[in-house]
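Here is the structure we will look at.
A, B, ... follow the sequence lines: proteins, then strands. Residue 1 opens every chain.
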2 protein chains.
Amino acid sequence: MTNAMAEDRRSWTQNPEGVRRDILAAAVSEFAERGLSGAKVDDIAARTRTSKRMIYYYFGDKMGLYTQALEAAYHKVREGEALLDLGHLPPLDALTKLVAFTFDHHRSNPDFIRMVMIENIHQAKALSASEKIRDLNIAAIEKLREICDRGEQEGIFRRGLDPVALHWQISAASFFNVSNRPTFAVLFGDEMFSDAGQAHLRSQTVEAILAIAKKHEAP
Amino acid sequence: MTNAMAEDRRSWTQNPEGVRRDILAAAVSEFAERGLSGAKVDDIAARTRTSKRMIYYYFGDKMGLYTQALEAAYHKVREGEALLDLGHLPPLDALTKLVAFTFDHHRSNPDFIRMVMIENIHQAKALSASEKIRDLNIAAIEKLREICDRGEQEGIFRRGLDPVALHWQISAASFFNVSNRPTFAVLFGDEMFSDAGQAHLRSQTVEAILAIAKKHEAP
DNA sequence: GCTAGATTGTACCCGTCAGTACAATCCGTC
DNA sequence: GACGGATTGTACTGACGGGTACAATCTAGC
């Protein structure tokens with residue numbers, strides 16, 4: 001709504017930034033849905049208010065479009081994550097909230113997940129070329145490191161926790177939950193993906209992560 | 001070695017089963033490497049001791065080849081898993097061993113992982129069509145269920161453990177570790193994928209799973 | 001109101017790639 | 001040693017799809 005208004009501020013016939021965004025949005029959907037070689041430039045164009053000609057004008061070639069679509073997808077989710085403020089919570093609550101949030105956030109951004117899957121199929125070639133994205137992710141780790149540090153100082157987290165390894169564990173569950181839903185549902189039924197099933201998996205994941213972070217109870 | 005001998009049992013020039021296996025192996029590599037539309041039938045043929053003509057003769061079309069390649073990949077890994085005998089171990093040891101094994105097994109079968117990734121990109125369409133594969137997976141769950149039951153009876157596992165949810169958690173870590181290695185390494189460095197890093201992640205995963213399974217210590 | 005540069009539409013080119021026609025060859029069996 | 005079905009090689013086709021040529025139109029600034 002507000003976006004549409006902002007996009008129309010210039011003229012009706014020429015609006016470069018609006019066109020770029022329009023194309024990028026279409027590209028993310030199409031690439032996420034069909035993969036790099038599965039996506040057709042003509043199909044992306046068809047999802048657009050403009051034409052194939054414009055895609056080549058603004059993005060050079062298919063690879064250029066793909067790279068920018070990937071950046072756009074990353075940018076969107078990391079932006080959403082940045083809104084989460086955990087600094088004021090005690091470490092245990094902060095970690096709990098972070099895990100639950102990540103689980104839900106991934107779940108509500110399937111296009112992003114699929115872009116990352118595709119990027120992994122292609123050995124992260126496009127990602128390597130974009131240092132923009134790396135910065136966004138360093139920030140995510142720093143947030144986690146800060147929680148770990150506070151937890152250690154308060155004596156409730158074990159010493160020497162590795163925030164990267166912890167992030168790996170959180171991502172694994174949250175990512176797999178979306179990325180492998182199709183095959184998992186076919187093989188084991190879709191109960192796990194009902195509301196109740198998801199709630200269970202989320203709390204199970206929170207529990208697993210907390211167990212890694214917490215200091216062992218004395219035997 | 002033994003395979004090559006068996007394959008040559010018929011004649012040198014005609015050997016249908018050998019040709020089929022040869023094609024399937026090439027197809028798994030190529031599909032795993034490049035995805036469904038990324039893989040080219042001509043390239044698969046080039047990896048083969050025979051010709052493109054034979055692919056169409058034995059498999060009908062590209063989709064038929066893909067489906068059978070997927071089945072072959074599943075068959076190979078589940079076969080490897082079936083060798084693991086846990087019935088004689090106490091539940092805690094059995095679960096520990098199962099998790100560690102799964103972690104390593106996935107890691108040493110990257111082609112399988114990539115086939116599953118690709119299948120997920122395509123909404124598991126080929127997988128749904130093959131009931132062969134479903135059976136293989138039910139067996140995996142049954143093995144886990146048996147461990148859970150014994151653990152509950154002995155009073156060391158919590159009651160009402162869901163083997164499917166547990167399997168989900170084990171798979172998530174083991175799968176993600178391989179599937180997302182490229183992007184994860186680009187974003188966070190590849191220390192996690194060194195021998196030391198992998199050992200750490202494996203034991204961290206074992207710990208997380210055990211924490212889910214074990215009965216809570218009385219407060 | 002004209003010029004320069006930025007944007008856009010139409011129509012096309014040309015390589016790639018799934019799939020095939022057709023004929024040849026093999027091999028077990030009689 | 002000839003028949004018939006199973007297997008294989010060669011050479012092609014036809015559509016699809018990434019990318020472009022060329023000209024038209026827009027917009028800002030003078």
Nucleotide nearest B/Y57 (side chain, heavy atoms from C-beta), chosen from C/dG9, D/dA6, D/dG9: D/dA6
Side-chain ion pair, B/E81 and B/R78, N-O less than 4.0 Å: yes
Can you tell me the distance, in whole Å, between the CE atom of A/M54 and the P atom of D/dT25? 15 Å
Would you mind reading off the distance between A/I55 atom CD1 and C/dT8 atom C1', rounded to a whole angstrom? 13 Å
Side-chain donor-acceptor contact under 3.5 Å, A/E71 with A/S130: yes
Is A/S51 close enough to C/dT8 that one of its side-chain N or O atoms is under 4.0 Å from OP1 or OP2 there? no
Qualifying residues under ring pair (Phe, Tyr, Trp, His ring centres under 6.0 Å), relative to A/F188, sequence neighbours excluded: A/F184, B/H167
What are the atom names and distances for every N/O pair under 3.5 Å that joins the protein to nucleotides 17-19 of chain C?
from   : atom 1 : to    : atom 2 : distance (Å)
C/dA18 : OP1    : B/A39 : O      : 3.4
C/dA18 : OP1    : B/K62 : NZ     : 3.2
C/dA18 : OP2    : B/V41 : N      : 2.8
C/dA18 : N7     : B/K52 : NZ     : 3.4
C/dG19 : OP2    : B/K62 : N      : 2.9
C/dG19 : N7     : B/K52 : NZ     : 3.1
C/dG19 : O6     : B/K52 : NZ     : 2.8

Stepwise, does the salt bridge (charged side-chain N to carboxylate O under 4.0 Å, His left out) test hold for A/E142 with A/R145? CA-CA 5 Å; A/E142 287 314 316; A/R145 185 191 308 280; 3.4 Å; yes
Give the rounded distance in Å between these two atoms: CZ of A/R53 and C1' of C/dC12. 13 Å
Is the closest basic N to carboxylate O distance between A/R114 and A/E33 below 4.0 Å? no
A/R34 CZ to D/dG17 P, in whole Å, measures 10 Å
Phosphate contact (C/dA6 OP1 or OP2) by A/Y58 side-chain N/O below 4.0 Å: no
For B/E79, is there an ion pair with B/K76 - N to carboxylate O distance below 4.0 angstrom? no
Can you check the B/R49 CZ to D/dG9 P distance for me, whole Å? 12 Å
Could you give the CZ-to-C1' distance, from B/F59 to D/dT7, as a whole number of Å? 14 Å
According to the interplanar angle, ranging from 0 to 90°, do the rings of A/W168 and B/F103 count as parallel (below 30°), tilted (30 to 60°) or perpendicular (above 60°)? tilted
In whole angstroms, the gap separating P of D/dT8 from CZ of B/R20 amounts to 12 Å
In whole angstrom, what separates A/I23's CD1 from C/dT7's C1'? 11 Å
